[in-house]
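Some notes on the structure that comes next.
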Amino acid sequence: MSHGTALPATRMSDATLGLWLGLVGVVVFALTLPMTRLATGSVDAPQLSPWFVTWARAALAGGLSIVYLLVTRSRRPTRAERGPLLLSLAGNAIGYPLLLGWALRHVPSGHAAVITALLPLATAAVAAWLMHQRARLGFWVFAVLGSALVVVYSLLRAAQAGHGFGLSWADALLVGAVLAASLGYVGGAKVTPTLGAERVISWVCVMALPITVPGALLTWPDQPIATASWWALVYVGVFSMWAGFFAWFRGLALGGALRVSQTQLLQPFVSILAAVPLLGESLNVMTLGFALAVVATVFMGRRMAAPPKVSR
């Protein structure tokens, strides 16, 4: 009888710790949107190119990763671990920052925050697919509802801008960024239990160095860049690409990727609020309203994430 009561307590402890670590990661990642916008600038006032930001931030994280792996005398990934690491590399080190950087040249970070609010739902869907984690039907109903809200928001914004009722190509970039990040998150979470969260993201960044270092050198800016843009690049390199994943990957592994991914429901709020002092953006009522609606669907979806309880 005592054995039967000990296991649930351990799982509850891991789940709680996973949620807290996930929340830490969300706060770090929430600043990625305004910081990336600050680094790349806008179409009218461009700063660092999205290509350079993508390569440079991963190269900076790769340099820190080499130091970390050497100091901690970390082992090399096994053959079985390399596949998920490559998936995380493609999604988190290249796909997400590149697509996000291009999109933020054309839309405010507050708009991008609404689109990327779908990331927890996308991550949960990928976790259910690749990690075989189950959820109730209600969870997926709210996932579809959240997607529909984002599409409606994009259509209304396009109409306001005089582009007619059609999706902007920048929205397609943001959706691609969401898919890339969700695949990368789950890939990293799969090998965190055996490799460790810190080593997962460090090996991802080191494995990417043969691509990111030449890419950064080839796309190095040849025009004057504002100091604030360089500092924004440092943030996305040190925190968004590296340190934030220490908490995030471990949280996904401990608490379950399907559930912990839903802590990102707070990310749109933090991103939109941070853009006000960092970028001077205003709190658009329509954007904030849709953000609240999307976050509500994610919250309700999280409540439906667990399989139904077995009645006695």
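Since this is a predicted model, take the numbers as computed values, not measurements.
Across Gly188 and Ser88, no two heavy atoms sit closer than the pair N-CB, 4.0 Å. Taking each heavy atom of Leu85 and Val200 in turn, the nearest pair found is CD2-O, 3.7 Å. Here the closest non-hydrogen pair linking Pro193 and Ala189 is CD-O, 3.3 Å. Listed here is the closest heavy atom pair of Ala59 and Val213: CB-CG2, 4.2 Å. Of all the heavy atoms in Ala216 and Trp55, the pair that sits closest is N-CB, 3.4 Å. Gln223 approaches Gln47 most closely through the heavy-atom pair NE2-O, 3.1 Å.
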key: side-chain contact (heavy atoms from CB on, under 4.5 Å) between Leu89 and Ile94, intermediate numbers included   = CA-CA 7 Å; Leu89 187 160; Ile94 298 177; 3.8 Å; yes
inquiry  = Is there a side-chain contact (heavy atoms from CB on, under 4.5 Å) between Tyr235 and Thr36? Walk through the geometry before answering.
reply    = CA-CA 9 Å; Tyr235 181 91; Thr36 300; over 6 Å; no
query = For Arg199 and Glu81, what are the C-alpha separation, side-chain angles and deciding distance, and is it a salt bridge (Lys or Arg N to Asp or Glu O under 4.0 Å)?
reply = CA-CA 11 Å; Arg199 292 170 180 82; Glu81 292 168 338; over 6 Å; no
key: Test side-chain contact (heavy atoms from CB on, under 4.5 Å) applied to Leu173 and His106, step by step   = CA-CA 11 Å; Leu173 292 176; His106 301 275; 5.7 Å; no
message = Run the side-chain contact (heavy atoms from CB on, under 4.5 Å) test on Thr78 and Thr194 for me, step by step, so that the C-alpha distance in whole Å, both residues' side-chain angles and the decisive distance to 0.1 Å come before the verdict.
response = CA-CA 10 Å; Thr78 64; Thr194 59; over 6 Å; no
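Phe246 is listed as a side-chain neighbour of Ile201, based on a closest heavy-atom distance under 4.5 Å. Between Val53 and Leu48, the closest side-chain pair of non-hydrogen atoms falls below 4.5 Å. Considering only heavy atoms from C-beta on, Ser182 comes within 4.5 Å of Leu119 through its side chain. Looking at Leu233 and Arg57, their side chains come closer than 4.5 Å, going by heavy atoms from C-beta outward. Counting heavy atoms from C-beta outward, Val26 and Trp248 have side chains that approach closer than 4.5 Å. Between Trp242 and Leu60, every side-chain heavy-atom pair lies at or beyond the 4.5 Å cut-off. For the pair Thr123/Val126, no side-chain contact is recorded, criterion being any heavy-atom separation below 4.5 Å from C-beta on. A heavy-atom distance below 4.5 Å is found between the side chains of Trp231 and Thr227.
Screening Val204, Asn92, Leu130 for a side-chain contact (heavy atoms from CB on, under 4.5 Å) involving Leu87 leaves a single residue, Leu130.
Note that CE of Met35 and OG of Ser229 are 11.0 Å apart. Values are rounded to the nearest 0.5 Å. The distance from atom CG of Leu183 to atom CG of Leu179, rounded to the nearest 0.5 Å, is 7.0 Å. From Leu292, atom CG reaches atom CZ of Phe290 across 11.5 Å, with rounding to the nearest 0.5 Å. To the nearest 0.5 Å, the span separating CG on Leu174 from CG on Leu100 amounts to 6.5 Å.
Between Tyr96 and Phe29, the gap from one ring centroid to the other reaches at least 6.0 Å.
Trp230 and Trp220 have tilted rings, their planes meeting at an angle from 30° to 60° on a 0 to 90° scale.
Looking only at atom types and distance, the side chain of Ser240 has a donor-acceptor partner in the side chain of Thr32 under 3.5 Å away. Using modelled atom types, one finds no donor on one side chain facing an acceptor on the other under 3.5 Å when comparing Trp203 with Ser65.
At a threshold of 4.5 Å between side-chain heavy atoms, the hydrophobic network of Ile, Leu, Val, Met, Phe, Trp and Tyr places Leu69 and Val238 in one connected group. Hydrophobic clustering keeps Leu209 apart from Val67 (ILVMFWY residues linked when any side-chain heavy atoms are closer than 4.5 Å, directly or through intermediates). Residues Leu70 and Leu195 share a single hydrophobic cluster, defined by chaining ILVMFWY side chains whose heavy atoms lie under 4.5 Å apart. Residues Met241 and Leu64 share a single hydrophobic cluster, defined by chaining ILVMFWY side chains whose heavy atoms lie under 4.5 Å apart. Hydrophobic clustering of Ile, Leu, Val, Met, Phe, Trp and Tyr side chains at less than 4.5 Å, counting indirect connections, unites Ile211 with Val206.
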